[in-house]
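So you know, we letter chains A, B, ... as the sequences are listed, proteins then strands, and number each from 1. All values below were derived from every heavy atom in this structure, side-chain atoms included, with hydrogens, water molecules and symmetry-related copies excluded.
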Protein chains: 2
Amino acid sequence: MATIYDVAKAAGVSPKTVSRVLNDDAPVGRDTRKAVQDAMSRLGYVPSNAARVMRSNKSGLIGLITGAISNTPDHGDPRGLPELYIVQGVQDVFGREAKTLMISDTGGHSDRVPSLVSTFRQHRVEGLIYVADYHRQTRFEVRPGDPPVVLANCYDTVGTPSILPDDRICQHRLVARLIAAGHRRIGYLTLGASMDATRLRTEGYRDAHAEAGLPLDPAMIQEAYRDDHAPMTAALGRLLALPEPPTVICCGNDEMAMRLYGLLRTRGIEVPQRISIAGFDNYRAIAETLFPPLTTVELPYREMGRQAARRLLDIIAGTAPAATDPVRVPGPVVWRSSVTGVAGAAGT
Amino acid sequence: MATIYDVAKAAGVSPKTVSRVLNDDAPVGRDTRKAVQDAMSRLGYVPSNAARVMRSNKSGLIGLITGAISNTPDHGDPRGLPELYIVQGVQDVFGREAKTLMISDTGGHSDRVPSLVSTFRQHRVEGLIYVADYHRQTRFEVRPGDPPVVLANCYDTVGTPSILPDDRICQHRLVARLIAAGHRRIGYLTLGASMDATRLRTEGYRDAHAEAGLPLDPAMIQEAYRDDHAPMTAALGRLLALPEPPTVICCGNDEMAMRLYGLLRTRGIEVPQRISIAGFDNYRAIAETLFPPLTTVELPYREMGRQAARRLLDIIAGTAPAATDPVRVPGPVVWRSSVTGVAGAAGT
DNA sequence: GCGTGTAGTGACATCGGTGTCATGACATCG
DNA sequence: CGATGTCATGACACCGATGTCACTACACGC
């Protein structure tokens, strides 16, 4: 492998001049430059990043830790997709920058993370992005001397910069649209109560009611997330048994909505004629395939990835603080025909 | 960032001794070792890969080029999945090795490949794996001085080591199973005729017939792959109009099989009672969801990734030649209820 | 004509590890 | 007891870039 010395000798100049041509550092004579460039291409010269890093301490590397690849969706299972989208967004930004993105996959073992970080440190990455599989708290240990970190889809308690989906606004927007369509009794089958997403979305649900001056009926909100079907069947039963049952039911995700279609069909309840349904995630393999297609909300994963990348670049450049409140990125409601207006409604 | 000199000073030894502790190079006294290790953890020392690479010219890096991330499946579209599985397989192997995998995504622009290779060369990767999105020929230019390359899911004409799915054997196995189940008239709706997969699988289809001593009816093989539905409808029409129509129809992939379900249902033909169907790919989101579930073949993408990785390691270690015929990896038939036996058959 | 500035170039040290070789202290063997 | 070998360690050069400084021309302004 040719070195800068070989090029220098071949071009009849000093190594430093070759370096100047490489980096456009300082003025170089027209003829000299040409001679150097010729020599470089003749020898197939590629500068050694290692040597460059040693001197300048700038590796040009950004590390990214994710489970995106090992969590590949299978069975039409949407887990793993958010991470992939976030990684796409990150790539989007770094593809245009003079930084190289090193992607490392945890292989689903979060205990492997410290070893990945250590490898990244050996390579002297200038920054690190950690992508989580779902919106949650994390404890990403940063020791002094570690490169700056940006968290995507997760957050910690020590103020590490973090980019999160705005679950609250998303649910708020969705419910507001339902209210605008005339719905007044809005059921909500939530994900597990311990999840951050559930807490935030429930707040969004409340916000929308408060904004519209609608009373809040706690019986409308039912936890219904389990692997078996029982909790959902029970929760649906409770909703339908209410004196004033819901005219629309929101679900914690699109899979739950899909199951709800089945449950309602079993009971002979037509969607959306008798009950409207809304999902969450806009997992298109489900939302577009169901009949009727599913109204849902999309979380802005690609955009989160982009923002995480830009944030990290700003921190590295020193134009942004290395710690702040999380940034929350909202996403759009995707309106499809699983929701109809309600007779006598103001809107629709 | 602490250096080996800082550690040496803190431990009261020479830098070289610290290096020996790091690499377990040469015997080091018990007490000395402990003193060095203490100093390292006290200072949070992480060795610089750059410096190591300079001296030893071993970067410990393996480059991987793929479109896996940017080709993320969406709409339940299975494109992009093969690449992800291959990358998973590659990771599987390198996760256990003292090599770091650098994944670079093309972002769907194959013209960006040379620039990725150049970046990898700057980082002095010890080897390169190129993963293609579908089985095809490629022209991955290797210049002298480039690191060794292994191709996955593609091949070239200059003998670059290559790991391919064994489309021929796969189709052979599938058709042999169909014959064993009593089928004698086996329709085949192929992918585009120009694809390598189609050529190879058609050979496999022929092999199975020859092996069983069955005559080959060219009318049974129909190209039917387009984005619009017309060619498939026409091809199906031709098959059904034959004096002896097929008792089972093989499809070029699972999506085609899914469409075939629809076409047959429209004509009132029951699957599998009147016609059996077989797909290809075992794209489970489709194959397991259809009713009846689809008999299909699975291409061994993860295994291909593993073999590509091991192959590259062998080449780097010098225990394998850097050029040979492609390795073809077979995959299993996945038998589900879309195929029934035929009355009076020997088997089933 | 002399100081000042700038284009163009090279010598040399340096970044942080590791390979090579040398050295001293003991242990082992014939 | 001297030759030989092994353990444990250090001195020093070197990998391939780049930062610093110095130097030579030549142009420009006064």
Involving DNA chain C, stems made of at least three consecutive Watson-Crick or G-U pairs, both distances under 3.5 Å: C:1-30 with D:1-30

Closest to the A/Val28 side chain, choosing from D/dA17, C/dT9, C/dG16: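 It is C/dT9.
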
Closest to side chain of B/Met54, choosing from D/dT18, D/dC7, C/dG16: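 Closest nucleotide among those given: C/dG16.
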
Can we say [X] and [Y] salt-bridge, meaning some charged N sits less than 4.0 Å from an Asp/Glu carboxylate O?
X: A/Lys34; Y: A/Asp38; value: yes
X: B/Glu97; Y: B/Arg310; value: no
X: A/Asp325; Y: A/Arg328; value: no
X: A/Asp24; Y: A/Arg33; value: yes

I'd like to know whether B/Ser118 forms a side-chain hydrogen bond (donor to acceptor under 3.5 Å, both in side chains) with B/Ser115, so could you lay out the CA-CA distance, the side-chain angles of the two residues, the decisive distance to 0.1 Å, and finally the verdict. CA-CA 5 Å; B/Ser118 162; B/Ser115 126; over 6 Å; no

Nearest-Å distance for atom pair CG/C1', residues A/Asp31 and C/dG8: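 Going from CG in A/Asp31 over to C1' in C/dG8 covers 12 Å.
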
For the pair made of CG in A/Asp25 and P in D/dT18, what is the distance, rounded to whole Å? 8 Å

Short of 4.0 Å, heavy atom to strand atom, which residues of residues 34-47 of chain A count as contacting DNA chain D?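 Under 4.0 Å from DNA chain D: A/Tyr45, A/Pro47.
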
Within residues 7-17 of chain A, those residues having any heavy atom closer than 4.0 Å to DNA chain D are A/Lys16

Checking side-chain hydrogen bond (donor to acceptor under 3.5 Å, both in side chains) for the pair A/Arg311/A/Thr324: CA distance, chi angles, key distance, verdict? CA-CA 11 Å; A/Arg311 190 69 203 289; A/Thr324 46; 3.0 Å; yes

Determine: side-chain N/O of B/Thr32 to OP1/OP2 of D/dT9, distance under 4.0 Å, yes or no.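 Checking B/Thr32 against D/dT9: at least one side-chain N or O falls below 4.0 Å of OP1 or OP2.
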
Distance check: side-chain N/O of B/Asn23 vs OP1/OP2 of C/dT18, anything under 4.0 Å?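 Yes.
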
Whichever of B/Arg20 and B/Asn57 has its nearest DNA chain D nucleotide further upstream toward 5': B/Arg20

Nearest-nucleotide check on DNA chain D, B/Arg55 vs B/Pro27; residue mapping nearer the 5' end is B/Pro27

Pick out which of B/Leu101, B/Thr100, B/Leu64 makes a side chain to side chain contact (heavy atoms under 4.5 Å, CB included) with B/Phe94.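 Exactly one candidate clears the test, B/Leu101.
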
Non-hydrogen atoms of B/Val149 and B/Pro161 that approach each other most closely: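 Scanning both residues completely, I find the closest heavy atoms to be O-CD, 3.6 Å.
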
